[in-house]
2 protein chains.
Amino acid sequence: MKAEKIPEATIIRLSVYSRNLQYMEEMGITKVSSQEIADATDGSSAQVRKDLAYFGEFGTRGVGYEVKHLNRHLKKILGLTKPRSVVIVGAGRLGKALMLYNGFGNRGFRVMGIFDKDMSKVGEQVGDLTISPMYKLDQFIKTHNIQMGVVTVPAAAAQETVDIMTRAGVKAILNFAPKNLIVADDVKLRNVDLAVNLEVLSFYMGLEEREGEK
Amino acid sequence: MKAEKIPEATIIRLSVYSRNLQYMEEMGITKVSSQEIADATDGSSAQVRKDLAYFGEFGTRGVGYEVKHLNRHLKKILGLTKPRSVVIVGAGRLGKALMLYNGFGNRGFRVMGIFDKDMSKVGEQVGDLTISPMYKLDQFIKTHNIQMGVVTVPAAAAQETVDIMTRAGVKAILNFAPKNLIVADDVKLRNVDLAVNLEVLSFYMGLEEREGEK
DNA sequence: TACTCACCGTGAATTATATCACAAGGATCC
DNA sequence: GGATCCTTGTGATATAATTCACGGTGAGTA
Ligand SMILES: NC(=O)c1ccc[n+]([C@@H]2O[C@H](COP(=O)([O-])OP(=O)(O)OC[C@H]3O[C@@H](n4cnc5c(N)ncnc54)[C@H](O)[C@@H]3O)[C@@H](O)[C@H]2O)c1
Ligand SMILES: NC(=O)c1ccc[n+]([C@@H]2O[C@H](COP(=O)([O-])OP(=O)(O)OC[C@H]3O[C@@H](n4cnc5c(N)ncnc54)[C@H](O)[C@@H]3O)[C@@H](O)[C@H]2O)c1
């Protein structure tokens, strides 16, 4: 792999390519061209090839890519070959929905625990896990060597939650709370913000509406 | 407003600025500098000013911005002054969680209906709405002039769902299904993909691990 | 083996986005 | 009312990402 810095947009696309290759694999398709990958993921074939070029040469000139082979490499690049252990903190509506989501497991992510502060929820069964109290979180992360945390607590509690997680050793966090969180440099943080997504859509709708007025 | 093309990244940041200005407003803070906005949203002050500059001049040199005034303008830009009506299709775990989410309403989004194909779910109460059957969706969108759709059905059903929505007149779609959807040019689509987010985190964790090996 | 074809891999050109740095201008104080 | 701050607004500059376009190379064919 080249030492070059890789755009995050490339990583996002690799994940989407991999998902589509997965579908192709399941459908029994064995070879694919950069153009076909582009069509399936609405991008350009040049973009597909550029993205892959950061990591090596996976295709055969004049032929294309072998679906299984390419997907195996993409999964390797994305770190999906070794299982990733995850905890969810905040067993509310969203936390439980994520807990019960199947799409999790079949990509190598294992939800090992779900935690909540509310003692009336502690003990409740969610899928095949039981909601645990917050005071057990630190020890749980250390004992089970948890690598990733998902934050589904209210915004006001999000910072204290990630502080506990990172102090215990979590190295990556997916945050659903609408709050800008602060983490150490060696911890990777991503925010999923529903409101922001809706507001971006709302902005573009506004543009169309103004067009219409003219 | 200038006719220039505005980066999507700018729109995303404006939404985040607005959220933080909202908090400031609620805390009684009346003035703020681009630097302070940058600190709250981890960006740079130059970035904040550039973003705002696409839409006009909102500050006072030597002083900064009036929180209320700036936030009012940002909301206007984002189209949050007129209420946006929304339907959710797919009353599963995720659809219900979104339905019951408060963060929706206080930014001008009104969930007007929730639909599902499964007749055993139809009639069920979710918050103050009742789950409706799919055959009513088209008429509902037309009658209530629904502008936005949220897709929380399984991937296999996502394309047919957006087809119904767009044919009925929906102009913007937020899709949670892990599927690349096709929509007409005048319909704005955004995808929220949990798996992609986790995989991006996984990738960066992989980089750290390789560092460690050296 | 030689010839053709198809499609990858990649440097170069283009376009987009972010940062820098400073002149412009309003507020405040004497 | 003039001098002094301070922070905005913005052109210029730097960096990053995408698209273009074509040379290189393996596969298939006869
Ligand atoms: N529900 C959605 O559709 C949705 C969408 C986008 C973002 N979000 C965000 O996700 C978060 C959760 O949303 P939700 O709808 O599931 O809310 P919820 O109120 O249903 O769940 C929050 C849970 O967090 C627990 N909690 C509160 N403080 C805690 C603490 N300090 N430590 C541990 N647990 C704590 C609560 O007991 C509760 O069970 C919120 O930040 C919300 O803004 C939700
Ligand atoms: N649950 C999560 O945390 C999560 C996270 C990311 C993405 N997603 C995606 O969101 C979608 C929903 O996930 P979920 O966990 O809520 O699943 P779910 O199975 O709980 O809910 C799906 C709902 O859609 C309904 N449905 C199926 N086909 C339909 C059709 N043709 N028209 C209308 N309704 C139909 C089903 O009856 C069901 O109620 C899936 O595409 C999933 O991949 C879920």
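Numbers restart at 1 for each chain; the letters A, B, ... are given by sequence-line order, proteins then strands.
- With rounding to whole Å, A/Glu36 atom CD is found 14 Å from C/dA6 atom P.
- Look at A/Arg13 and you'll find a side-chain N or O under 4.0 angstrom from OP1 or OP2 of D/dT18.
- Take the nearest nucleotide of DNA chain D for A/Pro7 and for A/Thr60: the residue whose nucleotide is more 5' is A/Pro7.
- Distance, A/Glu8 CD to D/dT15 P: 21 Å, rounded to whole Å.
- Put simply, A/Tyr65 has a side-chain N or O that comes within less than 4.0 Å of OP1 or OP2 on C/dG9.
- Residue B/Ser34 places none of its side-chain N or O atoms closer than 4.0 Å to OP1 or OP2 of D/dT7.
- Distances shorter than 4.0 Å separate none of the side-chain N or O atoms of B/Ser33 from OP1 or OP2 on D/dT7.
- For A/Ile37 and C/dG9, the CD1 to P distance is 10 Å, given to the nearest whole Å.
- Evaluation of the salt bridge (charged side-chain N to carboxylate O under 4.0 Å, His left out) rule for B/Arg13 yields B/Asp51 as partners, not counting sequence neighbours.
- Evaluation of the side chain to side chain contact (heavy atoms under 4.5 Å, CB included) rule for A/Lys68 yields A/Glu25, A/Glu66 as partners, not counting sequence neighbours.
- B/Thr10 comes within 4.0 angstrom of no nucleic acid atom, judged by non-hydrogen atoms across all strands.
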Dump the pairs, protein N or O against N or O of nucleotides 20-24 of chain D, anything under 3.5 Å, distances to one decimal.
residue, atom, partner, partner atom, Å
D/dA21, N6, A/Arg49, NH2, 3.4
D/dG23, N2, A/Arg61, NH1, 3.3
D/dG24, N3, A/Arg61, NH1, 3.4

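- Applying the ring pair (Phe, Tyr, Trp, His ring centres under 6.0 Å) rule to pairs touching residues 97-116 of chain A yields A/Phe115-A/Phe140, sequence neighbours excluded.
- In this structure, NZ of B/Lys5 is placed 10 Å from C1' of C/dT17, rounded to the nearest angstrom.
- If you measure from atom CG of A/Leu52 to atom P of D/dT18, you get 14 Å, rounded to the nearest angstrom.
- Aromatic ring orientation, B/His73 versus B/Phe58: tilted (interplanar angle from 30° to 60°).
- Considering only side-chain N and O atoms, B/Gln47 lies under 4.0 angstrom from the phosphate OP1 or OP2 of C/dT19.
- Sorted by first and then second residue, the pairs that involve residues 181-190 of chain B and meet side chain to side chain donor-acceptor pair (under 3.5 Å), not counting sequence neighbours, are A/Asn197-B/Arg190, B/Glu8-B/Arg190, B/Lys171-B/Asp186.
- In this structure, the NZ atom of A/Lys31 is 7 Å from the P atom of C/dC7, given to the nearest Å.
- When each of A/Leu98, A/Leu174, A/Leu129, A/Leu94 is tested with A/Ile88 by the rule side-chain contact (heavy atoms from CB on, under 4.5 Å), just one qualifies, namely A/Leu98.
- For the pair B/Leu70 CG and D/dT7 C1', the computed distance is 14 Å after rounding to whole Å.
- Residue pairs meeting the side chain to side chain donor-acceptor pair (under 3.5 Å) criterion with at least one member in residues 149-169 of chain B, sequence neighbours excluded, are B/Gln159-B/Asp163.
- Straight-line distance from the CZ atom of A/Phe58 to the P atom of D/dG26: 17 Å, rounded to whole Å.
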